[in-house]
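To start, the structure under review is shown below, and the notes come after it.
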Amino acid sequence: MLDHLVGLVKVRVVRGVNLAIRDLRSSDPYVVVRIGKQKLKTRVVKKSTNPEWNEELTLSIEDPAVPVRLEVFDKDTFVDDTMGNAEVDIRPLVEIVKMKLQDVADKTVVKKLVPNRQNCLAEESSIYISEGKVKQDLVLRLRNVECGEIELQLHWVDLPGSKLTT
């Protein structure tokens with residue numbers, strides 16, 4: 001049943017920073033996270049350009065080469081306004097998972113990713129081991145918008161019998 005999945009990624013949408021104003025003085029932002037046909041949403045935070053969501057959304061991963069896409073919207077009565085988008089390449093995270101690092105000290109940074117024109121990173125991102133789990137903290141600069149960043153944490157969940165663990 002799980003033979004087509006390589007694992008799960010828990011995406012903790014932590015906060016938005018300096019998001020665009022889409023209403024009179026503020027916005028009512030929420031985040032849509034997608035991969036393939038999966039689509040999950042955070043709750044709407046009313047009247048904020050620096051919202052705190054701290055929500056965890058779980059995506060099942062079939063192909064690590066498919067990026068996780070984020071879109072930020074302003075909730076309105078009729079049509080929600082777009083507030084930018086970004087995407088995350090999860091392949092570096094999966095590469096570290098495949099290394100099956102055992103007996104690594106907690107909070108050991110295994111890999112660092114730097115911002116470049118091919119990614120949406122606003123600052124350096126670390127992939128590290130925490131409580132035996134592979135995690136990654138990211139600050140993503142939103143595209144197609146005048147301003148705004150989204151802070152995320154990715155956390156890999158192994159699935160017994162998945163393609164990655166066999």
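Just so we're clear, the structure is a prediction, and the values are computed from it rather than from any experiment. Values below: every heavy atom of this structure, side chains too, minus hydrogens, waters and symmetry copies.
- The shortest non-hydrogen separation linking W53 to R15 is CZ3-C, 3.8 Å.
- A pairwise comparison of heavy atoms in S60 and L5 identifies CB-CD2, 3.8 Å as the closest pair.
- Here L57 contributes atom CG and R34 contributes atom CZ; the two are 13.0 Å apart, rounded to the nearest 0.5 Å.
- Put simply, V31 and V17 are part of two different groups of oily side chains (I, L, V, M, F, W, Y) that touch within less than 4.5 Å, one to the next.
- At a threshold of 4.5 Å between side-chain heavy atoms, the hydrophobic network of Ile, Leu, Val, Met, Phe, Trp and Tyr places V45 and V145 in one connected group.
- Looking only at distances, a side-chain donor or acceptor of D74 sits under 3.5 Å from a matching main-chain atom of D28.
- Under the 4.5 Å side-chain criterion, counting only non-hydrogen atoms from C-beta, V114 is not in contact with N119.
- Taken from CZ in F73 to CG in D81, the straight-line distance is 10.0 Å, to the nearest 0.5 Å.
- Closest heavy-atom contact between R141 and A86: O-CB, 4.0 Å.
- Listed here is the closest heavy atom pair of V139 and E149: CG1-OE1, 3.4 Å.
- Between the side chain of N50 and the main chain of N18, a donor-acceptor pair closer than 3.5 Å is present.
- S26 and S48 make their closest contact through OG-N, 2.9 Å (heavy atoms, listed as atom of the first residue, atom of the second, distance).
- By the criterion of side-chain heavy atoms lying less than 4.5 angstrom apart, applied directly or through intervening Ile, Leu, Val, Met, Phe, Trp or Tyr residues, V44 is not grouped with L142; the two fall into different hydrophobic clusters.
- Residue Y30 is not grouped with residue V11 when hydrophobic side chains (ILVMFWY) are merged at heavy-atom distances under 4.5 angstrom, including chains of intermediate members.
- Residues K107 and S130 bring a donor and an acceptor atom of their side chains to less than 3.5 Å of each other.
- We find the CG-CD distance between D137 and E123 to be 9.5 Å, quoted to the nearest 0.5 Å.
- The closest side-chain heavy-atom distance from V9 to W156 is below 4.5 Å.
- Hydrophobic clustering (side-chain heavy atoms under 4.5 Å, transitive across Ile, Leu, Val, Met, Phe, Trp, Tyr) keeps I127 apart from V14.
- The shortest distance between side-chain heavy atoms of H155 and R12 does not fall below 4.5 Å.
- Across all their heavy atoms, L19 and P29 have their closest contact at CD1-CB, 3.9 Å.
- Note that CE of M99 and CD1 of I129 are 8.5 Å apart. Values are rounded to the nearest 0.5 Å.
- Note that the CZ atom of R43 and the CD atom of E55 stand 4.5 Å from one another [nearest 0.5 Å].
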Using residues 87-95 as the side-chain source, report each donor-acceptor pair under 3.5 Å to any protein atom, sequence neighbours left out, with the distance given to one decimal.
{"unit_1": "E87", "atom_1": "OE1", "unit_2": "R69", "atom_2": "NH1", "d": "2.1"}
{"unit_1": "D89", "atom_1": "OD1", "unit_2": "R91", "atom_2": "N", "d": "3.0"}
{"unit_1": "D89", "atom_1": "OD1", "unit_2": "R91", "atom_2": "NE", "d": "3.0"}
{"unit_1": "D89", "atom_1": "OD2", "unit_2": "R91", "atom_2": "NE", "d": "3.3"}
{"unit_1": "D89", "atom_1": "OD2", "unit_2": "R91", "atom_2": "NH2", "d": "3.0"}
{"unit_1": "E95", "atom_1": "OE1", "unit_2": "K111", "atom_2": "NZ", "d": "3.3"}

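- Note that OG of S27 and NZ of K47 are 10.5 Å apart. Values are rounded to the nearest 0.5 Å.
- Screening V32, L70, V13 for a side-chain contact (heavy atoms from CB on, under 4.5 Å) with T42, the sole residue that qualifies is V13.
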| task | Show your working on side chain to side chain donor-acceptor pair (under 3.5 Å) between E71 and N85 and close with a plain yes or no. | result | CA-CA 4 Å; E71 286 183 273; N85 59 62; 5.4 Å; no

